[in-house]
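To keep things clear, I will list the structure first and then write my remarks on it.
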2 protein chains.
Amino acid sequence: MAKDKASRRPRAETPKGFRDYFGADVTERKAMLDAVAEVYHRYGFDPLETSAVETVEALGKFLPDVDRPNEGVFGWQDEDGDWLALRYDLTAPLARVAAQFRNDLPSPYRRYAMGPVWRNEKPGPGRFRQFYQCDADTVGAASVAADAEICAMLSDALEVVGIPRGDYIVRVNNRKVLNGVMEVAGVLDPSDPAKFEAERGIVLRAIDKIDRLGETGVRALLGAGRKDESGDFTKGAGLSDEQAEVVMGFMAARRDTGAATAARLRELVGASTLGCEGVQELETIAELLDAQGYGPDRIVVDPAVVRGLGYYTGPVFEAELTFEILDEKGRKRQFGSVAGGGRYDDLVKRFTGQSVPATGVSIGVDRLLAALRAKGRAGAEAQGPVVVTVMDRDRLGDYMAMVGELRRAGLRAELYLGNPKNFGNQLKYADARKSPVAVIQGSDEAARGVVVLKDLVLGAQIAAGASLEQWKSRPAQVEVPRADLVRAVQDMLS
Amino acid sequence: MAKDKASRRPRAETPKGFRDYFGADVTERKAMLDAVAEVYHRYGFDPLETSAVETVEALGKFLPDVDRPNEGVFGWQDEDGDWLALRYDLTAPLARVAAQFRNDLPSPYRRYAMGPVWRNEKPGPGRFRQFYQCDADTVGAASVAADAEICAMLSDALEVVGIPRGDYIVRVNNRKVLNGVMEVAGVLDPSDPAKFEAERGIVLRAIDKIDRLGETGVRALLGAGRKDESGDFTKGAGLSDEQAEVVMGFMAARRDTGAATAARLRELVGASTLGCEGVQELETIAELLDAQGYGPDRIVVDPAVVRGLGYYTGPVFEAELTFEILDEKGRKRQFGSVAGGGRYDDLVKRFTGQSVPATGVSIGVDRLLAALRAKGRAGAEAQGPVVVTVMDRDRLGDYMAMVGELRRAGLRAELYLGNPKNFGNQLKYADARKSPVAVIQGSDEAARGVVVLKDLVLGAQIAAGASLEQWKSRPAQVEVPRADLVRAVQDMLS
């Protein structure tokens with residue numbers, strides 16, 4: 001059988017849904033995460049790096065969002081028949097670690113984790129199968145002081161990476177308040193928590209759609225149901241107008257201060273024990289934040305936050321960037337959410353049977369990085385290395401000595417390592433490297449003990465804008481004594 | 001069927017062969033890799049972070065060491081039937097990237113990569129299935145200036161992380177010289193490279209065993225064969241004494257200077273074109289390094305280096321730490337190799353059909369970190385956070401304000417977030433956290449506007465060594481005005 005030679009070659013392709021990060025992609029993300037880690041460290045959080053691989057058993061059904069398919073992991077069977085899989089988030093591994101090392105870890109245990117996670121989901125534009133997460137969690141602290149601390153830390157982290165105060169807001173709500181409202185609205189019976197689950201689901205989804213459907217649409221979903229523009233009908237929760245009013249009132253409960261919002265919420269959940277507990281927790285959080293100077297310019301109580309509600313058991317929080325950007329269609333819109341989290345108290349229970357309170361936050365690494373780029377706060381280091389060119393192949397040692405001197409002075413520098421025959425290629429290379437300065441020394445310059453420095457930044461400016469006369473009158477290159485190489489390059493770069 | 005409730009709980013276990021890294025494990029490695037990255041960056045190398053997942057097709061048979069099984073990867077089939085796997089090193093992904101993005105990348109392309117790799121191999125003591133690699137490679141540079149640069153960069157990197165000059169040596173050899181020696185010894189026929197492959201394999205393995213078998217043992221393997229202590233017989237390469245003499249001479253060819261070693265090698269490979277080319281390359285590398293001031297105190301030509309020879313095609317190098325440590329049995333031995341690499345010119349060819357020269361180095365991250373710990377150069381940050389205790393649960397806001405002030409002053413500080421009822425538990429927690437200072441304020445101190453600072457470092461020293469009288473006379477705690485909190489803690493820490 002004749003084989004086609006070309007067809008036997010493997011394809012050089014990143015697997016579908018995966019991507020590679022080059023140069024500044026890596027350094028910008030690293031700079032951002034390093035800055036965040038510094039804040040987390042100052043707050044007493046310790047780094048934890050778990051293995052990328054977990055047993056499927058340990059990952060379990062512990063998905064942060066019940067809407068996501070349980071199967072969405074990359075898994076395989078090991079030699080003993082155990083199923084292993086890549087972690088899909090950083091919370092499930094924390095649960096495993098908190099259970100496995102419960103006798104060795106400090107309690108409460110504050111930890112942060114940063115690293116890739118993997119999701120076996122259909123890839124799409126901007127949706128990858130491997131992406132970074134950046135989490136901080138406190139395990140073993142029942143006090144809402146832990147939640148307040150995480151909100152303050154999130155606020156600090158955003159400022160430290162370059163989001164100025166006023167351009168973000170951390171919004172805090174409490175799952176218990178919402179459950180209290182459900183109770184008052186008649187779709188939660190504390191003595192039979194499973195009852196009305198379908199109705200509560202409809203209410204939650206309705207609340208989450210307020211931005212898109214407006215008040216009328218949400219009211220329709222809370223009541224009999226809603227027919228959309230296409231004529232499709234969505235079944236409603238079947239609340240009476242009075243019951244619906246309670247829910248609508250909840251969403252509009254935000255007032256100017258945390259205390260005023262809490263007072264309004266207290267009115268709404270009046271009859272519900274759980275609801276009152278939730279309001280009390282929000283008040284405590286607001287007080288604790290206030291005591292540290294985190295006012296409503298940074299962190300607010302906002303009943304409209306309804307994130308991941310199937311998962312959280314108490315306070316929930318979300319950081320939103322409030323500055324405007326242009327979307328794909330050129331319309332102005334707020335940048336939106338970049339981080340969120342909350343309290344989830346059944347973390348370790350599936351392993352040990354013992355309930356352990358926990359609360360945490362996850363920063364959307366790619367979203368936040370995109371925000372920093374939109375604000376011009378990332379990507380400062382666009383400048384490439386100084387390139388020492390090779391005019392005379394027999395004097396590689398001389399050129400390497402130049403590169404060595406530049407590097408020892410702390411400058412980023414390269415020797416051109418390609419075939420030096422075509423000098424034009426060397427300048428093209430310097431250009432591709434975004435090099436600010438090319439160093440040139442032919443045998444003539446070597447004999448006279450000088451080097452030529454070509455200012456490539458100035459050169460590009462001249463080439464772009466200048467007439468021939470200007471070009472000639474401002475040659476973007478200088479000749480300096482060989483001994484002055486480092487100083488002269490430093491001058492040109494400054 | 002009655003199910004045992006306990007048996008339905010998942011096991012909280014790291015999968016076999018994997019491990020978790022806590023606190024200082026993470027920060028020490030990160031500090032080391034950050035320092036290395038800074039050197040690589042200064043040399044003009046750009047970071048590259050490929051996805052952890054590759055197609056098995058792209059990984060191919062491109063294993064750095066032919067002795068390793070090809071199957072040693074964690075793989076699975078995706079929804080389209082393609083086989084995917086976790087990368088087992090950072091070189092195979094580089095090959096894929098260099099082929100995939102060959103029109104966009106600068107040429108030559110200098111890149112570094114740091115991150116975990118996965119090996120589906122039997123785990124053992126100190127052998128894990130996930131571990132870090134730290135690589136730097138130059139793709140597209142045929143000149144041995146690229147190899148010399150990598151040796152210099154490796155030397156700089158070792159010094160920057162904390163291995164002082166004199167405690168390490170970078171040894172350089174050349175695969176071509178060894179092949180020249182093989183030619184002279186009669187086990188390589190340039191017109192029929194496949195001939196004598198088995199014999200060359202025996203010679204290579206014999207050379208690699210010189211430390212263990214000594215000259216006599218190696219000579220036996222080069223000749224008829226060798227019977228070991230147990231009586232087992234290993235077949236030899238069948239060289240005559242004269243041929244074996246050439247090989248033995250090669251291993252002993254190192255002289256005081258690179259030039260002298262090269263001269264000796266030139267004698268040995270005299271008749272072989274390939275061998276002469278190799279010697280010439282070693283001479284050039286030594287000259288280029290000399291021109292930058294990297295003398296034999298840092299980098300030497302050493303014919304005894306025979307690493308990964310099935311893979312490399314030209315210069316090979318290895319960094320060895322020369323200081324002594326005690327092994328498990330308390331015997332002194334040299335720390336040994338922490339990094340190695342060389343030239344491998346068929347990197348991209350399997351994808352594109354086009355040969356692309358490349359050279360690179362890989363640092364053994366765990367080995368180097370172990371060396372730094374052995375030298376006391378890592379693990380400086382053993383000190384934990386300042387712990388603010390909770391004496392009075394109603395004044396959480398006051399305590400949080402203290403923590404906030406300390407953090408704003410750049411100090412690492414924590415509020416005790418566990419149940420505050422038992423104060424002894426709070427001090428135990430501070431102890432577990434290696435906290436240097438505990439801050440205490442009961443209602444009495446609050447009324448008087450003071451806080452108590454407990455010096456836990458001094459306290460531990462006193463507890464360990466002092467008599468009861470001394471203990472009493474040097475109470476390791478002070479009372480300071482509340483307003484002086486930050487300054488007083490800073491004083492205590494300094």
Side-chain angles (χ1 to χ4, degrees), chain A residues 9-15 18-23 26-27 41-44 46-55 57-58 60 74 76 84 96-97 99-100 106-108 116 130 138 141 143 145-146 287-288 291-292 350-351 385 396-397 400-401 404 407 412 414-415 417-418 429 432-433, chain B residues 9-10 12-15 18-23 26-27 41-44 46-55 57-58 60 74 76 84 96-97 99-100 106-108 116 130 138 141 143 145-146 287-288 291-292 350-351 385 396-397 400-401 404 407 412-415 417-418 429 432-433:
Chain A
R9 280 191 204 136
R11 284 165 299 163
E13 280 172 19
T14 324
F18 292 88
R19 58 181 297 200
D20 304 305
Y21 296 86
F22 294 88
V26 179
T27 48
H41 178 262
R42 194 154 15 99
Y43 272 76
D46 275 345
L48 168 67
E49 194 176 306
T50 60
S51 63
V53 178
E54 295 279 348
T55 64
E57 179 189 3
F74 292 105
W76 63 89
L84 303 178
R96 193 258 305 153
V97 164
Q100 183 174 351
S107 175
Q130 174 179 333
T138 301
S143 164
E287 278 165 31
L288 292 176
Q292 289 182 84
R350 27 183 313 266
F351 292 105
L396 268 185
M400 253 194 145
R407 286 170 179 163
R412 193 178 192 208
E414 288 186 3
L415 176 68
L417 283 177
Y429 173 83
R433 294 292 289 139
Chain B
R9 280 191 204 134
E13 280 173 19
T14 324
F18 292 89
R19 58 180 296 197
D20 304 305
Y21 296 86
F22 294 87
V26 179
T27 47
H41 178 262
R42 192 152 19 98
Y43 272 75
D46 276 345
L48 168 67
E49 193 176 306
T50 59
S51 63
V53 178
E54 296 279 345
T55 64
E57 180 189 3
F74 292 105
W76 63 89
L84 303 178
R96 193 258 305 154
V97 164
Q100 183 173 352
S107 177
Q130 173 178 334
T138 302
S143 164
E287 277 165 30
L288 292 176
Q292 290 182 84
R350 28 185 310 267
F351 292 105
L396 267 186
M400 252 194 146
R407 286 171 178 162
R412 193 176 192 209
E414 287 185 4
L415 176 67
L417 282 177
Y429 172 84
R433 296 290 290 140

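Proteins get letters first, then strands, A, B, ... in listed order; numbering begins at 1 in each.
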Identify which part of [X] has an atom lying under 4.5 Å from any heavy atom of chain A, answering side chain, backbone, both or neither.
X	result
B:E287	neither
B:L415	both
B:Y429	side chain
B:V53	both
B:S107	backbone
B:R96	both

Specify which of [options] makes the most heavy-atom pairs with chain A at under 4.5 Å.
options	result
B:D46, B:V97, B:T14, B:T138	B:T14
B:E54, B:Q130, B:R19, B:E414	B:E414
B:P47, B:A141, B:A146	B:P47

Donor on one side chain, acceptor on other, A:E13 and B:T55, under 3.5 Å: no
Just so I understand: if I count every heavy-atom pair under 4.5 Å between each of [options] and chain B, which residue has the most?
options	result
A:P385, A:A432, A:G404, A:A291	A:A291
A:S143, A:P106, A:P116	A:P106
A:A145, A:A52, A:A99, A:G44	A:G44
A:A401, A:P15, A:G397	A:P15

With a 4.5 angstrom heavy-atom cut-off, which part of [X] approaches chain B: side chain, backbone, both or neither?
X	result
A:L288	both
A:R407	both
A:F22	both

Closest contact, heavy atoms only, [X] versus [Y]:
X	Y	result
B:F351	B:A58	CZ-O, 3.4 Å
B:R412	B:R433	NH2-NH2, 3.9 Å
A:R9	B:R350	CG-O, 3.4 Å

Geometric class of the B:W76/A:W76 ring pair [parallel <30°, tilted 30-60°, perpendicular >60°]: parallel
Spacing of CD belonging to B:E49 relative to OG1 belonging to A:T27, to within rounding of 0.5 Å: 11.0 Å
